[in-house]
Amino acid sequence: MRISRIHFITILVLNMSIAQKQQHNDNDVHSFANTAEVSILHLNIDITCNFDTKILSGSAILNLNHKKKTNKLVLDTRDLIIEKVTLDEKETATTFTLGEEVKFLGKPLTIAITPKTKFVKIYYSTSPNASALQWLDPSQTSGKIKPFLFTQSEAILARTWVPCMDGPGVRMTYSATIHTPKDLMAVMSAAGNIVEKNNDGLYKFEMKQPIPSYLLALAVGDLQFRPLGNRSGVYAEPTMIEKSAYEFVDIEKMITAAEEIYGAYRWERYDLLVLPPSFPFGGMENPRLTFATPTILAGDRSLVALVAHELAHSWSGNLVTNATWNDFWLNEGFTVYFEHRIMERMYGRNYSEMLSVLTLKDLNKEIQTIGAASDDTKLKLNLVNRDPDDAMTDIAYNKGYFFLRLMEETFGREQWDIFLKKYFNENAFTTMTTEVFLDKLNTHFKIKENASLSNTLNISAWVYGAGLPDNCPKPQSDEFEKVAAQVTAFLEGIQASTLNTQGWTTHHWLYFLSNLPDSLRLEKLIELDYAFNFTRSGNSEILSEWFQRCIKMNYETAFGPMRNYLMNIGRRKLIKPLYIELAKTPAGKTWAQEVYAKARPGYHSVTYNTIDGILK
Ligand code: BES
Ligand code: ZN
């Protein structure tokens, strides 16, 4: 049979769209779930943590909400072993198939149901290399005696430890029964976290507010609790609890400050969990229980903006959730904006403007790295056939921040706050697309009716255009101007030890270091180290910035401490720039590969997937 070219293309396109349909949910390219037909109202997991085999095993009961008549339920799974699936209270066995593996998405689990099926129960276990899970040996904890387990579900890793509809557009309540070794304690992103380890290794949790799967979270370890206020406290390993309680002492005030800006905190409690140093992120906004890296424990409370950030997600993200990962800026841009507002209210405008200047600096650097013409510099992303993790850059955070700040500066803070408060309230516990948000913004402020306003704001350039529009707000910090003056003085020959650095905080130093030119001579770098002892700093952010200069200048004294740093810390944002800098020279790359060979087994998958790409 002869097929004409036109026909051939038609068939090809048709086939492709069928393949797409089978592979993806219509709205969310990162989920296989058939959400148009059925969705999940409640999840009930009962799982046992086996630290010897590094396997979670047990069952997940899914409570269905039928939208259309269907005989199948499609769920997301990745690296899960499915043993058996049953229906309803009688536990009637049913058939299921695991589809073909798709890179980073895993396999669709298709289960035969009837239009009347109320519950589906899946007996399953995880694999030892499940991407969401990190099983730590005692040597990787700060106590060094007991093992530790934690999960990281965002963006699409929940499916590696729970079979579910793993897209941010599906919300469910959940309950959990967790069986742990008797000497360990379990905590989750739910109600039920207790203040002292029990002795039976049995922990029960209940999350009554509906949440998307990426906020499912569990940690198991040798944990202690310290209350910080009547609705807040901190969990950490015993050796870290004192330091943690000191660092987060302001948390109750922070919750109140946030409530004063955008309305009541809707999750009852706000606790923090300080993880071992391999935690791949600074923080993760797991509801009721923020997960945090120990690298923010600077000892002087100077890095608590991170707590403001994760707390802010209790509104932006956890209450009003990005509908898909293409709308990621709705989570992160709003959160950075709210974070800065909380910081301003807590510590004053001088402080928050320092943060904003650093935010702009990072944004410009990121745009330079990605390329100002790249689609990845748009707020609205297109992640089809891509791992969301690859495109989750500073753009969503920092370009998103400046876009919202532009709205504030245009409409005035009072009017802008009225809008945002209403936005959080009216859309609480729902999902939001970029388009629906823009529609609300346009309607509320009557933007489209005003041609000159539309023109000056240029919203489409911000959201759908690449690069940074030239109406980007300009943060201004007198503090940083003083720092810049000291940088100039130093470059003009003033001795490091006589620079005027009195009263400088972490952010002054970060600005100072990031403004040193690449052409700085090694002697000058050594002079700085003698004067300020950067190489021995206990501040992980300062160290990351400092080590970048040391690599550039090949300052050998720093390489020993830097090796320790890379061996101990798994927070991607801190170590990624070091590996990038090292990889720029053959000698640096060889050194990095040698360190990495030893460090990699201690990193979480999120981190080693990125570093693998840099050192390949
Ligand atoms: N939700 C993010 C972490 C995240 C993003 C995990 C994308 C997985 C995929 C969290 O709120 C975050 O933004 N953390 C930042 C903190 C910072 C901006 C203050 C981090 O980890 O560096
Ligand atoms: Zn965030």
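We use all heavy atoms of the structure for the numbers below, so side chains are in, but hydrogens, waters and symmetry mates are not. Start at 1 with the first residue, then count along the sequence. Counting starts at 1 for both ligands and their atoms, following the listed order.
Distances from atom 18 (C) of ligand 1 to the heavy atoms of Arg571, Met284, His309 put His309 nearest.
Numbered from 1 in the order shown, with element, the atoms of ligand 1 that lie under 4.0 Å from a heavy atom of Glu310 read 10 (C), 11 (O), 12 (C), 14 (N), 16 (C). When each atom of ligand 1 is checked for a heavy atom of Glu285 under 4.0 Å away, the hits are 1 (N), 2 (C), 10 (C), 11 (O). Close approach to Gln152 involves these atoms of ligand 1, each under 4.0 Å from a residue heavy atom: 6 (C), 8 (C). Here is the list of ligand 1 atoms found below 4.0 Å of a heavy atom in Gly282: 20 (C), 21 (O), 22 (O).
Enclosure of atom NZ in Lys576 is not indicated, since only 12 or fewer non-hydrogen atoms of other residues, nucleotides or ligands lie within 6.0 angstrom.
Note that CH2 of Trp267 is 11.0 Å distant from CG of Asn286, once rounded to the nearest 0.5 Å. Interatomic distance, Leu218 CG to Met188 CE, rounded to the nearest 0.5 Å: 5.0 Å.
Each of Phe334, Tyr262, Phe338 was evaluated against Tyr423; a single residue qualifies, Phe334, per the ring-ring contact (aromatic ring centres under 6.0 Å, His included) test.
Checked by atom type, the side-chain pair Thr607/His604 shows no donor-acceptor distance below 3.5 Å. Residues Tyr270 and Thr290 have side chains that bring a donor and an acceptor to within less than 3.5 angstrom of each other. Side chain to side chain, Asn331 and Asn322 meet the donor-acceptor criterion of an N or O pair below 3.5 Å.
Annotation: atom 13 (O) of ligand 1 to nearest protein heavy atom, Tyr397 OH, 2.7 Å. Protein heavy atom nearest atom 4 (C) of ligand 1, with residue, atom name and distance: Glu154 OE1, 3.2 Å.
Contact annotation for Met392 and ligand 1: only side-chain heavy atoms (C-beta onward) come within less than 4.0 Å of the ligand.
Between Phe150 and Phe291, a ring centre-to-centre spacing not shorter than 6.0 Å is recorded.
For ligand 1, one of its N or O atoms has an N or O atom of Gly283 under 3.5 Å away. For Glu332, a nitrogen or oxygen atom sits less than 3.5 Å from a nitrogen or oxygen atom of ligand 1, counting backbone and side chain alike. The shortest N/O to N/O separation between His313 and ligand 1 falls below 3.5 Å.
In this structure, Phe328 is part of the shell of residues with a heavy atom less than 4.0 angstrom from ligand 1. Not a single heavy atom of Arg572 sits less than 4.0 Å from an atom of ligand 1.
Nearest N/O/S atom of Glu332 with respect to the Zn ion (ligand 2) is recorded as OE1.
With Tyr246 as the aromatic partner, Arg301 meets the cation-pi criteria of under 6.0 angstrom to the ring centre and within 45 degrees of the ring axis.
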